[in-house]
Amino acid sequence: MDDRGGEGGSFVAVRRGLHQGTACHSTGSSAWLGRGLSCVCAQRRDFEDHPSFELTPAQEALKALWHAAFPEEQLHGLMSEQWKEMGWQGKDPSTDFRGGGFISLENLLYFARHFPKSFQDLLQKKEGDRAMWEYPFAVAGVNITFMLIQMLDFEAVKPRTLVGATFLKLLTDNESAFDLLYCIAFKLMDHKWLDMHASYMDFNTVMKATRHQLEMELLQEDIVRLEDLPSYNLLSR
């Protein structure tokens, strides 16, 4: 998987009415389309363990995500080896999700809350004949956010592709459309993974196949909402 981190070049959440340097609040994915993508929530300093009576929005989201993923297991700290159980690469999740920004964390949390069965199936790799070297769940989720941002051309003021323009119409009718498409994409990616008998080194190939499938489905003439996508039927609550 590609490491999408780095300074200044990451695609991260931008929310209307917020300025660089302010906290990003969880208001739904419809609120962050635009250029000049930057958000202090994704910077490492927000996750340093230090005494504080208030948590940043990103820290709150991480705690909520842990509780949704492992409701019966107590998280011992925001910097913890426990995060590896979710598929983060180290004890500090921020080093992984910076590439997709705060929105990638919100996507995971939306998935956990709205499609808990599919979320748990993927997290725990419950379905199918799995490879010895599986994709790490959380890092794969960040890559899916990044893939969708590229596919839908969100780095532009206006989408320059037919797929992007088509999705923008769907977003107008459903402010949670990006979160929902994320859930569909994650489940579709895993479906492709199993069909292709993939292992870790095949992840980029699987992602390309997933993107191609989503693009074809979004451009079907009879699609008026995301629930009409054939791949939506892969999800279960």
Side-chain angles (χ1 to χ4, degrees), residues 1 5 12-13 15 18 22-32 39-127 130 134-146 148 175-187 189-190 234-237:
M1 300 179 191
V12 292
R15 304 199 174 277
L18 296 178
T22 60
C24 287
H25 297 280
S26 180
T27 56
S29 62
S30 65
W32 55 266
C39 174
V40 295
C41 294
Q43 296 177 10
R44 185 183 182 92
R45 65 175 177 270
D46 287 340
F47 294 84
E48 294 173 354
D49 279 342
H50 56 83
S52 175
F53 293 103
E54 295 184 1
L55 297 176
T56 67
Q59 288 172 327
E60 291 281 11
L62 276 172
K63 289 186 67 177
L65 179 61
W66 179 269
H67 179 72
F70 305 108
E72 298 181 359
E73 183 178 347
Q74 182 180 356
L75 178 64
H76 300 307
L78 290 172
M79 296 278 286
S80 171
E81 295 291 334
Q82 288 175 282
W83 288 110
K84 294 179 181 179
E85 297 176 34
M86 197 185 296
W88 302 103
Q89 296 184 93
K91 64 180 182 180
D92 180 3
S94 71
T95 60
D96 289 334
F97 81 72
R98 274 185 297 179
F102 187 64
I103 189 65
S104 62
L105 186 55
E106 288 190 314
N107 288 155
L108 279 168
L109 187 54
Y110 181 93
F111 192 13
R113 287 174 169 172
H114 289 80
F115 297 95
K117 184 180 185 306
S118 287
F119 180 90
Q120 289 293 335
D121 286 348
L122 300 187
L123 173 63
Q124 300 180 31
K125 304 293 195 296
K126 289 183 177 180
E127 298 179 346
R130 297 284 171 176
E134 279 286 312
Y135 64 84
F137 173 80
V139 176
V142 174
N143 275 262
I144 289 170
T145 297
F146 188 85
L148 291 176
E175 65 178 11
S176 297
F178 187 81
D179 299 291
L180 180 55
L181 184 62
Y182 173 88
C183 300
I184 295 170
F186 209 144
K187 186 64 176 178
M189 184 278 292
D190 189 75
L234 296 172
L235 287 171
S236 56
R237 297 182 186 273

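These figures come from a predicted structure and were not determined experimentally.
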Partner of Phe186 by side chain to side chain contact (heavy atoms under 4.5 Å, CB included), out of Phe115, Phe137, Phe119: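 Testing Phe186 for a side chain to side chain contact (heavy atoms under 4.5 Å, CB included) against Phe115, Phe137, Phe119 leaves exactly one candidate, Phe137.
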
Please report the shortest heavy-atom distance between [X] and [Y], naming the atom on each side.
X      : Y      : result
Met189 : Ile144 : CE-CD1, 4.1 Å
Phe102 : Ala58  : CE1-CA, 3.3 Å
Tyr110 : Cys183 : CD2-SG, 3.7 Å
Pro136 : Gly87  : CB-O, 3.3 Å
Arg130 : Lys125 : NH1-CD, 3.6 Å
Glu85  : Leu123 : O-CD1, 4.3 Å

Check the pair Leu108, Tyr182 against side-chain contact (heavy atoms from CB on, under 4.5 Å), reporting the backbone distance first and the verdict last. CA-CA 8 Å; Leu108 279 168; Tyr182 173 88; 3.2 Å; yes

Tell me, do [X] and [Y] make a side-chain contact under 4.5 Å, heavy atoms counted?
X      : Y      : value
Arg237 : His114 : yes
Phe178 : Asn107 : yes
Phe111 : Ser118 : yes

Measuring from atom [atom1] of [X] to atom [atom2] of [Y], what distance do you get when rounded to the nearest 0.5 angstrom?
X      : Y      : atom1 : atom2 : value
Ser94  : Met79  : OG    : CE    : 7.0 Å
Asp96  : Gln89  : CG    : CD    : 4.5 Å
Ile103 : Asp179 : CD1   : CG    : 5.5 Å

Write out all pairs satisfying salt bridge (charged side-chain N to carboxylate O under 4.0 Å, His left out) with one or both partners inside residues 112-123, taking only residues at least two apart or from two chains.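 Every salt bridge (charged side-chain N to carboxylate O under 4.0 Å, His left out) pair that includes a residue of residues 112-123, provided the two are not neighbours, is Lys117-Asp121.
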
Compile the donor-acceptor pairs under 3.5 Å between side chains in residues 60-76 and protein atoms, sequence neighbours left out, one pair per line.
from, atom 1, to, atom 2, distance (Å)
Trp66, NE1, Glu73, O, 2.8
Glu73, OE2, Gln82, NE2, 3.3

